[in-house]
Amino acid sequence: MLMSPLVFGAEQGKPFVMEHSFWVKPGKTSQFITLYKKYKLPALQAEKAKGRILWIRTTQPRTSAGNAQWDFRVTVGWRDVQSAWDFDESTRSTNAAGRDGARHSIEDSLSEELIVERTDVLVQESDE
């Protein structure tokens, strides 16, 4: 969740990269990923189709490093910080209004219950 359009010195009009890492209850990673891809990923893909997102990467570790290792990561390259902020605001208002439908709401709640920990980190990427 973003705090403001001027998060951590992100430059207006410049690409904005957020990394979302999830630690999931043991044995529930596949279920979480299935729900994420069914309900969360399409919203991000719609933003990509509108040109607000430049790219989306989903990753999983190939080997387990125990509880310290995240289970699923989504890294999103936004066109700019305002695009990310607008998406965050519209997602919160849609969820608050309950326009998603009962089944979606139940399964979205279930996916949230599967999360043990989540981090959302602004990252700076560079090609070197």
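Numbering starts at 1 and runs along the sequence shown. Hydrogens, waters and symmetry mates play no part in the numbers below; they use all other heavy atoms, side chains included. This one's a predicted model, so the numbers in the text were calculated from it and none came from an experiment.
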For this session: In sequence, state the C-alpha distance, the side-chain angles, and the governing distance for V123 and M18, and then conclude on side-chain contact (heavy atoms from CB on, under 4.5 Å).
Result: CA-CA 6 Å; V123 296; M18 285 295 293; over 6 Å; no
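- S83 is linked by a side-chain hydrogen bond (donor to acceptor under 3.5 Å, both in side chains) to R79, D80, counting only residues two or more places apart in sequence or in another chain.
- Using a 4.5 Å heavy-atom threshold, the side chains of V24 and V116 count as separate.
- In the hydrophobic clustering of ILVMFWY residues, with side-chain heavy atoms under 4.5 Å counting as a link, W55 and Y36 come out apart.
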For this session: Go through the steps to decide whether F16 and W85 satisfy the test side-chain contact (heavy atoms from CB on, under 4.5 Å), and finish with yes or no.
Result: CA-CA 10 Å; F16 179 78; W85 175 255; over 6 Å; no
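- The minimum heavy-atom distance linking G77 with V17 is given by the pair CA-CG2, 4.3 Å.
- Using the six-membered ring where Trp is involved, W78 and F87 have ring planes that are tilted, between 30° and 60° apart.
- Listed by chain and number, the residues in a salt bridge (charged side-chain N to carboxylate O under 4.0 Å, His left out) with E112 are K40 (sequence neighbours excluded).
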Side-chain donor-acceptor distances from residues 26-34 under 3.5 Å, at least two apart:
| from | atom 1 | to | atom 2 | distance (Å) |
| --- | --- | --- | --- | --- |
| T34 | OG1 | S30 | O | 2.9 |

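- Residues satisfying the salt bridge (charged side-chain N to carboxylate O under 4.0 Å, His left out) criterion with K50, sequence neighbours excluded, are E47.
- With values rounded to the nearest 0.5 angstrom, S109 atom OG is found 10.5 Å from L35 atom CG.
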Problem set entry | From CA spacing to verdict: side-chain contact (heavy atoms from CB on, under 4.5 Å), W23, L114 | CA-CA 9 Å; W23 288 259; L114 297 176; over 6 Å; no
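- For R73, the side-chain contact (heavy atoms from CB on, under 4.5 Å) criterion is met by E19, S21, T59, W70, T75, not counting sequence neighbours.
- Linking ILVMFWY side-chain heavy atoms closer than 4.5 Å, directly or via other members, places L54 and L122 in two distinct hydrophobic clusters.
- Closest approach of Q60 and F72 over heavy atoms only: CG-CD1, 3.8 Å.
- Looking at heavy atoms from C-beta onward, I56 lies in side-chain contact with V74 at the 4.5 angstrom threshold.
- The closest donor-acceptor contact from the side chain of K48 to the backbone of A43 lies at 3.5 Å or more, if one exists at all.
- Taking CG of L110 as the reference point, atom CD1 of I115 lies at 10.0 Å (rounded to 0.5 Å).
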